[in-house]
Colleague: 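Here you go, one structure.
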Amino acid sequence: MKSWKILSIFSTGGLGIVLVVSFVFLFLFTSPLKTSSQKKGKSPEGVEEIAKARDLTPQDIEAALKTYVPTGKYDDYLMFCSGGHSGQVLVIGLPSMRLLKLIAVFTPEPWQGFGYGSNESSDILKAGYMPVGKDRKLSWGDTHHPALTETNGDYDGQFLFINDKANARVAVIDLRDFETKQIIKTPNIISNHGTTYVTPNTEYVIEGSQYSTPLPFYNYAPIEQYQEKYRGLITFHKFDREKGRIDESNSFQIELPPYGQDLCDAGKKESDGWVFCNTFNTEMATGGIEQGKPPLEAGASQRDMDYLHVINWKKAEEVVKAGKVKEISGAKVIPLETAIAEGILYFIPEPKSPHGVDVAPRGDYIVISGKLDTHTTIFSFDKIQKAIAEENYEGKDPYGVPILNFKDVLVAQLEIGLGPLHTQFDNEGNAYTSVFIESTLAKWKLGEPYNSGDQAWTLVEKIPVHYNIGHLVCAEGDTVSPDGKYCVALNKWSIDRFTPVGPLHPQNFQLIDVSGDKMQLLYDMPIGIGEPHLCQIAKTDKFDPWLVYPETGFNPATMTKNPKAALAGKERIERKGDTVEVWMTAIRSHFNPEHIKVKEGDKVKLNITNIERARDATHGFGIDGYNINLSLEPGESNTVEFVADKPGVYPFYCTEFCSALHLEMAGYLLVEPKE
Ligand code: RUQ
Ligand code: CUA
């Protein structure tokens, strides 16, 4: 009995309970210094006794109090994180750091029934396949950068975008039901990285390419012709907020030199209308280590400076409207010469293999960090505008793009540590930069008008993080009105932070309280899913998700009521030739109908509706042996089509533990042999 109890605690309780229980046991059996209650064989009682028993410092206790969210209470913030190679998005509550949801995006996901059988979610996935041959199927994605929709530069909680670096795709998630609605395979590029970022009113979703390839799509050119034939591209995906979809017919691309375009950020407030993108490899190295050439990493790191791309997207929009574009693979592309001639593209030298570029809350400063540098470098938008107006260039790059004078647009360079990457902001004029090589988080002060006098452009504090911090994210820290309060260090390595689980270690998200004078590390969250990159944190009250679908028979793929949905009292099976169409309802604890009789070779079309209105009363629908698997949330209608190509008897059942008689929620697909 006793061991059963312990087992059930382990299987149903949270990590916290497991830790408490294991510690108490460890303590009881190993500690020579037993407290009074333990001597009597009891667990430690009271804060002091527990703290002593668990060897907790006052700081640990403070951290625990700051992150604990009691049962039934909600988190203050939602954090949306890329799920890396899982091709998914993770939704995490702050400050508890509890994983609330995993959103299926680029990869089939069984629990949500995303991408199984032939139905609408599979069609969403399919729309993102590579347009070669017979649509090359893609069953993974490498998500990097989520972006919440913005209104006036602030998160509005309506939609979320995320990219797939591996195949140059962008997805749209609707935050009414937290489900993926659209996947776009971007024309003319095969990899991306500087995406997704949105303009301040989500006019466009910005996507920079990364590894240059020949234009157009799938064109071949020998690597020796890299400089002439290979190109970078930036895509502006037009977002139609009414429809909740990217509108490809109003999207456009700009041709760029074959430099490794990296991350981007949209200007805001005074710099609205502009986009800034980093590059590395302006050397245009292509590697070739096997031929005794320097490896790509060495070739791409020879020059002291690469080029920050400064792009006037409002101008580009006009140029597209005026028709000064080439059509390549169905996309409108502004040629490089046109971008230069029309004043759309400028370069600024930026130090040492830059990575992050981040625009300050007022849109006035652009912060750049060089991966091989010890500084972050800050440019002024005003100075950039002045230099452009005065045509004050230090020269042109080999493709004719004007290069502004570094010194003329520079405001400050701050020594913050080796390997700075990304920067976020708070509500008190502070910036926070992740320092990868050093494994620290650096807090520093922006200059006028955020801070004045000796305060301006000063390093305030650094704290160690564990380990190899990539991105960091602060509460609403890339908007026009950051919240401060929390930052999360998104660490690539965890090394010794967690109980070992084999050579592939979890990553480590570290929650940091930035509200006081000193930064305080509050919580380590192991991430054992994919390799997350960026997250965004938004106040919970920005979201207003549905708790059940608004009408019975609702189709999440179209976000409207499906006129053909199966409804209560209208369940039936109809045959037309060799097609059998079924209208089925699901409610605790039965499907109706329960027998589906077809003939071998029949096409089966199944319309199923969950007719429950109760919150959380989800039913699943799986047909054994047919790889069919749906999740039906209350009100949801879904369809699935398949060919009954194998005779036999196939049970179908509800895959969610929905009720006491959940096991009885089942039926049979009976496939009669032809003869
Ligand atoms: S980046 S490696 Cu966002 Cu620092 Cu993708
Ligand atoms: Cu419905 Cu289990």
Side-chain angles (χ1 to χ4, degrees), residues 80-85 111 113 141-147 161-166 168 191-197 206-211 260-265 277-280 297 353-358 367-372 376 419-424 433-437 441 468-473 478 488-493 507 530-536 584-592 594 608-612 614 616-622 629-634 636 638 651-667:
F80 295 84
C81 297
S82 84
H85 316 71
W111 184 44
D142 183 10
T143 64
H144 276 236
H145 307 113
F161 307 102
I162 185 106
N163 72 311
D164 165 23
K165 168 169 171 160
S191 70
N192 70 26
H193 192 217
T195 180
T196 53
Y197 300 96
I206 301 160
E207 180 183 15
S209 54
Q210 177 136 76
Y211 305 115
Q261 281 80 20
D262 201 25
L263 301 189
C264 304
D265 199 6
C277 298
N278 274 329
T279 48
F280 57 86
E297 55 162 329
S353 298
H355 187 48
V357 46
D358 299 283
V367 180
I368 307 297
S369 296
K371 301 186 291 271
L372 302 177
T376 82
L421 296 185
H422 303 283
T423 299
Q424 295 249 317
T433 300
S434 55
V435 191
F436 177 79
I437 298 176
L441 182 72
N468 294 8
I469 178 173
H471 279 275
L472 82 161
V473 56
D478 61 0
V488 179
L490 309 170
N491 303 302
K492 298 287 164 201
W493 287 18
Q507 298 209 334
E531 189 214 9
H533 293 266
L534 179 64
C535 305
Q536 282 187 330
M584 180 188 272
T585 55
I587 190 164
R588 277 163 291 172
S589 303
H590 57 265
F591 294 109
N592 181 8
E594 291 181 327
I608 315 181
T609 307
N610 177 348
I611 55 173
E612 303 264 5
D616 217 351
T618 294
H619 299 287
F621 178 83
N629 170 36
L630 302 175
S631 173
L632 301 153
E633 281 85 68
E636 176 171 346
N638 214 321
F652 58 80
Y653 72 103
C654 170
T655 57
E656 283 282 317
F657 206 118
C658 55
S659 64
L661 295 177
H662 148 77
L663 295 178
E664 288 78 354
M665 191 167 174

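Positions are given from 1 along the sequence. Remember, it's 1-based here, ligands and their atoms both numbered in the order they're listed.
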Colleague: Taking atom OH of Tyr653 and atom CE of Met665, what is their separation to the nearest 0.5 Å?
Modeller: 12.5 Å
Colleague: Among all protein heavy atoms, pick the one closest to atom 4 (Cu) of ligand 1 and tell me residue, atom and distance.
Modeller: His355 NE2, 2.2 Å
Colleague: When the ring planes of His471 and His355 are compared, do they come out parallel, tilted or perpendicular, using 30° and 60° as the limits?
Modeller: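 Plane angle between 30° and 60°, so tilted.
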Colleague: Using 2.8 Å as the cut-off, note every protein N, O or S atom close to atom 1 (Cu) of ligand 2.
Modeller: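 Listed by chain and number, the atoms are His619 ND1, Cys654 SG, Cys658 SG, Met665 SD.
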Colleague: Take atom CD of Glu297 as the centre, draw a 6.0 Å sphere, and report whether it contains more than 12 heavy atoms from other residues, nucleotides or ligands.
Modeller: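 No - once you tally the heavy atoms of other residues, nucleotides and ligands closer than 6.0 Å, there are 12 at most.
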Colleague: Could you give the distance from CD (Gln507) to CD1 (Ile469), rounded to the nearest 0.5 Å?
Modeller: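 Going from the CD atom of Gln507 to the CD1 atom of Ile469 covers 11.5 Å.
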Colleague: A side-chain contact here means heavy atoms from C-beta on lying under 4.5 Å apart; do Ile162 and Ser82 qualify?
Modeller: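 The answer is yes, as the side chains (C-beta and beyond) meet within the 4.5 Å cut-off.
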Colleague: Strictly under 2.8 Å of atom 5 (Cu) of ligand 1: which protein N/O/S atoms qualify?
Modeller: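 Metal shell, protein only: His144 ND1, His193 NE2.
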Colleague: Only counting residues at least two apart or in another chain, list the ones meeting salt bridge (Lys or Arg N to Asp or Glu O under 4.0 Å) with Lys492.
Modeller: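 If we apply the salt bridge (Lys or Arg N to Asp or Glu O under 4.0 Å) test to Lys492, skipping adjacent residues, the hits are Glu531.
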Colleague: Taking Thr195 for the side chain and Ile206 for the main chain, is one N or O donor matched with an acceptor at less than 3.5 Å?
Modeller: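 Pair found, side chain donor or acceptor close to backbone of Ile206.
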Colleague: I want to check a possible cation-pi pair here: Lys371 against Phe436, using under 6.0 Å from ring centre and within 45° of the ring axis as the test.
Modeller: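 Lys371 over Phe436 ring: no.
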Colleague: The criterion is ring pair (Phe, Tyr, Trp, His ring centres under 6.0 Å); which residues satisfy it with Phe161, sequence neighbours excluded?
Modeller: Phe239
Colleague: So which atom in Leu661 and which in Ser589 form the shortest heavy-atom distance, rounded to 0.1 Å?
Modeller: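 Closest pair (atom of Leu661, atom of Ser589, distance): O-CB, 3.4 Å.
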